[in-house]
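Worksheet: one structure, shown below.
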Amino acid sequence: MGMLVIAVAIGLVGGMISFLVAEEMSLKDADFSDIKDAFTKELSLDDSLSKYGTIKYMAMYVALVFIIGVIVSTQILIPQGFSLGLLMAYVFLPSVIGSLVILLVKWRFQPLLKLISSFMYGAGYMTSSAFAIAVTHLFLT
């Protein structure tokens, strides 16, 4: 059980660091009026990726969490032979804890943006870490 705690800690710390770096890089030159266009206009994928840095940095965050998930899965989770419930603990615990930390730390400043940021962290972490575990188990077990 101690190895699961280490895996969850690696996932949480790695996910939080990569998310905060990606978030700060995306907000560096952000024009929040551009975000409105993403919902009101039909844009091609190339236009979206070039115009909105947030999409690029969110993809970078998902890729980094996927890499962390593959490393944790191949080095800790698969060798320990964890059951599906414990694998899901690795997926959901860092997601929930990280989302709550983002909400609690940054709630006083722009609460709506931080709520969106919290959901983006949780959804991105769950998606990429679950996919990483599925891919590694498919190819390695």
Side-chain angles (χ1 to χ4, degrees), residues 1-32 34-141:
M1 206 45 104
M3 292 305 286
L4 180 65
V5 173
I6 291 171
V8 168
I10 291 169
L12 178 64
V13 171
M16 288 295 289
I17 290 171
S18 60
F19 183 76
L20 292 176
V21 167
E23 183 184 35
E24 290 303 318
M25 289 171 63
S26 71
L27 294 177
K28 181 176 60 174
D29 298 322
D31 180 11
F32 291 107
D34 289 346
I35 295 172
K36 179 182 66 169
D37 291 345
F39 298 104
T40 59
K41 295 180 182 176
E42 186 172 340
L43 298 172
S44 69
L45 185 59
D46 292 336
D47 292 340
S48 297
L49 291 177
S50 64
K51 186 173 183 180
Y52 306 114
T54 304
I55 295 171
K56 177 177 70 173
Y57 292 117
M58 189 64 189
M60 182 181 75
Y61 161 69
V62 167
L64 287 172
V65 170
F66 177 80
I67 292 168
I68 292 169
V70 167
I71 292 169
V72 168
S73 184
T74 57
Q75 300 301 314
I76 297 174
L77 300 177
I78 291 175
Q80 295 295 319
F82 286 132
S83 67
L84 182 60
L86 296 177
L87 295 176
M88 290 300 102
Y90 168 74
V91 171
F92 290 110
L93 286 177
S95 171
V96 171
I97 293 169
S99 294
L100 290 175
V101 166
I102 290 171
L103 280 176
L104 290 175
V105 169
K106 297 184 174 185
W107 183 253
R108 295 184 66 200
F109 307 103
Q110 300 174 338
L112 182 61
L113 290 177
K114 293 309 155 193
L115 184 64
I116 293 169
S117 180
S118 174
F119 285 135
M120 287 174 64
Y121 171 82
Y125 185 87
M126 282 192 293
T127 302
S128 57
S129 63
F131 188 65
I133 289 173
V135 167
T136 55
H137 273 273
L138 180 66
F139 291 120
L140 297 180
T141 57

I need the minimum non-hydrogen distance between [X] and [Y], along with the two atoms involved.
| X | Y | value |
| --- | --- | --- |
| Ser95 | Val91 | CB-O, 3.6 Å |
| Met58 | Gly124 | CE-CA, 4.1 Å |
| Pro94 | Ala89 | CD-O, 3.7 Å |

For this session: Find the distance between OG (Ser118) and CG (Leu100) and round it off to the nearest 0.5 Å.
Result: 7.0 Å
Problem set entry | CG on Leu20 to CD1 on Ile102, rounded to 0.5 Å | 6.0 Å
Exercise. So does Phe131 have more than 12 non-hydrogen atoms from other groups sitting under 6.0 Å from CZ?
Worked result: no
Exercise answer: donor-acceptor pairs, residues 2-19 side-chain atoms, under 3.5 Å, sequence neighbours excluded:
from, atom 1, to, atom 2, distance (Å)
Ser18, OG, Gly14, O, 2.9
Ser18, OG, Gly15, O, 3.1

For this session: Apply side chain to side chain contact (heavy atoms under 4.5 Å, CB included) to Met88 and Leu93, showing your working.
Result: CA-CA 8 Å; Met88 290 300 102; Leu93 286 177; over 6 Å; no
For this session: Determine, step by step, whether Phe82 and Tyr90 satisfy the side chain to side chain contact (heavy atoms under 4.5 Å, CB included) criterion, reporting the C-alpha distance in whole Å, the side-chain angles of both residues, the deciding distance to 0.1 Å, and the verdict.
Result: CA-CA 10 Å; Phe82 286 132; Tyr90 168 74; over 6 Å; no
Problem set entry | Residue that, paired with Val72, satisfies side chain to side chain contact (heavy atoms under 4.5 Å, CB included) out of Ile133, Thr136, Ile67, Leu77 | Leu77
Problem set entry | Check: Ser99 and Phe119 side chains under 4.5 Å, non-hydrogen atoms | no
